[in-house]
Amino acid sequence: MTQIHKNLIAGEWLTGEGEIENVNPSDLSDIIGLFAQADADQLEATLDQARVAQQAWATYGIERKQAVLNAIGTELMARADELGTLLSREEGKPFAEGRGEVYRAGQFFTYYAAECLRQLGENAESVRPGVEVDVRREPVGVVAVISPWNFPTATASWKIAPALCYGNAVVWKPANITPASAVALTEIISRQDIPKGLFSLVMGSGRSIGQRLVENPKVNAISFTGSVPVGKSIAAAAIGNLTKVQMEMGSKNALAVMDDADLDLAVTLALGGAFGGSGQKCTASSRLVVHAAIHDAFVDKLVAGARAMKVGHALEDGVQMGPVVSQQQLDENLTYVDLGKSEGAELVCGGARLELNKQGYYMSPGVFLNTSNDMRINREEMFAPLASVIKADGYEHALSIVNDTQFGLTSGIVTTSLARASHFRRHAQSGCVMVNLPTAGTDYHVPFGGRGDSSYGPREQGKAAAEFYTTVKTAYIAAGDAV
Ligand code: NDP
């Protein structure tokens with residue numbers, strides 16, 4: 001009998017209103033398990049208990065909190081092979097990426113473990129003589145974390161770790177398509193020295209339990225990563241309760257390749273940026289803006305590289321690109337392929353469904369040529385293993401194309417010119433800028449986030465996370481002169 005994986009409700013592992021089946025996108029005959037769907041009463045119960053637990057957690061002291069976060073991070077890193085295998089099995093990214101994600105998630109916890117000990121406040125002289133001012137940060141309270149399937153462990157961890165570090169309770173609604181990684185992380189957190197109910201897992205669909213969670217006035221802050229339409233609906237729900245909200249959403253990142261670029265490096269960055277994680281990354285570079293002088297040479301190597309990529313089962317040795325995550329995602333991707341062609345783009349390779357020895361959601365990496373930046377394939381986030389090449393007349397033209405988007409998460413340039421690199425760093429309209437590096441791949445100790453429709457609210461990661469997960473208190477103390 002297939003095991004039913006439960007939710008963590010007010011500190012207890014419970015079944016809910018039915019279950020969903022979790023299927024391996026690399027092999028549809030592989031059922032990973034059944035995952036309980038939390039119901040409305042369970043959500044209320046866990047939110048109530050979270051409030052109580054948060055008050056207890058706030059009194060724990062910074063060393064005890066540090067030990068908890070450190071233990072979670074250390075265990076994630078130690079079990080990166082095992083949990084990375086599980087992640088790749090349910091999400092479809094190659095094992096090296098799955099393992100790397102779990103290890104990175106561990107690093108988020110150990111980083112924020114250290115931050116528990118570094119929560120320094122500020123003090124100042126008042127403008128009034130004899131009065132001192134003390135400024136410090138306090139927890140916001142109960143934080144709802146809503147995470148996507150493309151980085152099921154890392155994205156959740158870069159929200160959960162700072163939330164706990166800064167003294168909050170967490171109620172986590174993971175993506176329903178990758179629940180196994182969520183249960184595994186919850187199981188680790190649940191074994192720590194934390195107050196009962198400080199951390200909850202409420203699996204279920206976004207439209208039911210997700211919607212109830214974001215509308216609930218018992219939630220003090222919502223951190224969300226996912227699509228723009230869902231982000232907008234969450235923001236609308238949050239404002240109804242004046243709930244604090246932080247959102248990372250879509251993107252349409254560009255990599256500019258200059259005529260002075262190291263061509264092999266440029267092709268490596270373009271292939272990784274467009275097809276890593278099957279193109280399902282918010283930091284993917286699906287727009288390749290290429291200087292006309294090297295366009296043809298670049299395209300030859302890019303297409304050869306895309307054709308040579310090994311697509312297959314995420315856990316098979318040597319596989320460079322796994323399946324896409326679901327039938328729905330595959331259908332949408334193929335619709336974008338048709339759309340690109342109908343817009344006049346030339347599909348020179350890939351972009352087709354692949355039938356392999358295992359039945360899964362496989363698709364070949366596709367490259368569009370002769371595209372313009374006003375085509376929908378260059379304006380909408382496709383989340384697909386599809387890259388579009390846009391020819392630019394020169395550096396200034398390339399920069400204007402890079403910036404011509406409603407999004408602004410990352411952007412990159414490949415160049416050997418220091419002048420162009422530094423001009424680009426200053427003028428690219430995105431939250432993260434990469435020089436001779438892939439647009440995907442960021443650190444954990446510095447801020448992460450974008451502009452335009454890519455992000456809303458304070459930055460995530462590094463010390464910047466304190467802005468969202470805390471509220472500032474300014475205390476005035478009349479010191480008096482008497483001793
Ligand atoms: P969604 O935005 O629908 O889902 C993201 C998370 O939000 C999931 O946990 C989802 O739950 C939850 N959710 C959905 N609806 C609601 C709601 N009304 N209230 C509260 N929570 C909700 O993304 P999809 O998974 O459907 O992906 C669709 C597209 O979004 C992708 O093709 C891609 O373009 C973009 N996307 C971008 C990401 C990024 O990193 N920038 C990440 C993921 C997606 P559930 O899983 O149950 O639906």
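Both backbone and side-chain heavy atoms feed into the values below; hydrogens, waters and symmetry mates do not. Both ligands and their constituent atoms are indexed starting at 1 by order of listing.
- Look at Gly204 and you'll find a heavy atom under 4.0 Å from some atom of ligand 1.
- Between Gln211 and ligand 1, an N or O atom pair is found at a separation short of 3.5 Å.
- The shortest N or O to N or O distance between Asn176 and ligand 1 is under 3.5 Å.
- There is a protein heavy atom less than 4.0 angstrom from atom 46 (O) of ligand 1.
- With atom 5 (C) of ligand 1 as the reference point, the heavy atom nearest to it among Thr225, Leu409, Ile234 is part of Thr225.
- Any N or O atom pair closer than 3.5 Å counts here, and Ser205 shares no such pair with ligand 1.
- Within the structure, ligand 1 lacks Lys281 among the residues with a heavy atom less than 4.0 angstrom away.
- Pairs engaging residues 224-243 under the side chain to side chain donor-acceptor pair (under 3.5 Å) rule: Lys159-Thr225 [sequence neighbours left out].
- At the top of the distance list for atom 28 (C) of ligand 1, counting protein heavy atoms only, stands Ser227 CB, 4.3 Å.
- Ligand 1 is approached by Pro174 to a heavy-atom distance shorter than 4.0 Å.
- Between Phe35 and His5, the two ring planes are parallel [angle under 30°; tilted spans 30° to 60°].
- Regarding atom 12 (C) of ligand 1, its nearest protein heavy-atom neighbour is Ile146 CG2, 3.7 Å.
- For atom 25 (O) of ligand 1, the nearest non-hydrogen atom of the protein is Trp149 NE1, 2.6 Å.
- The nearest protein atom to atom 8 (C) of ligand 1, hydrogens excluded, is given as Ser147 O, 3.5 Å; this is a heavy-atom distance.
- Among all non-hydrogen protein atoms, the one lying nearest atom 10 (C) of ligand 1 is Lys173 NZ, 3.8 Å.
- Of all the listed residues (Cys282, Gly250, Gly226), Cys282 holds the heavy atom that lies closest to atom 40 (O) of ligand 1.
- At the shortest separation from atom 34 (O) of ligand 1 among protein heavy atoms lies Glu381 OE1, 2.9 Å.
- Given atom 31 (C) of ligand 1, the protein heavy atom at minimum distance is Phe383 CD2, 3.7 Å.
- At least one N or O atom of Met249 sits closer than 3.5 Å to an N or O atom of ligand 1.
- Atom 22 (C) of ligand 1 has its closest protein heavy atom at Gly206 CA, 3.4 Å.
- Contact between Phe151 and ligand 1 is absent, with no heavy atom of the residue lying under 4.0 Å from the ligand.
- The aromatic rings of Trp149 and Phe383 sit perpendicular to each other, their planes meeting at more than 60°, with 30° as the lower class boundary.
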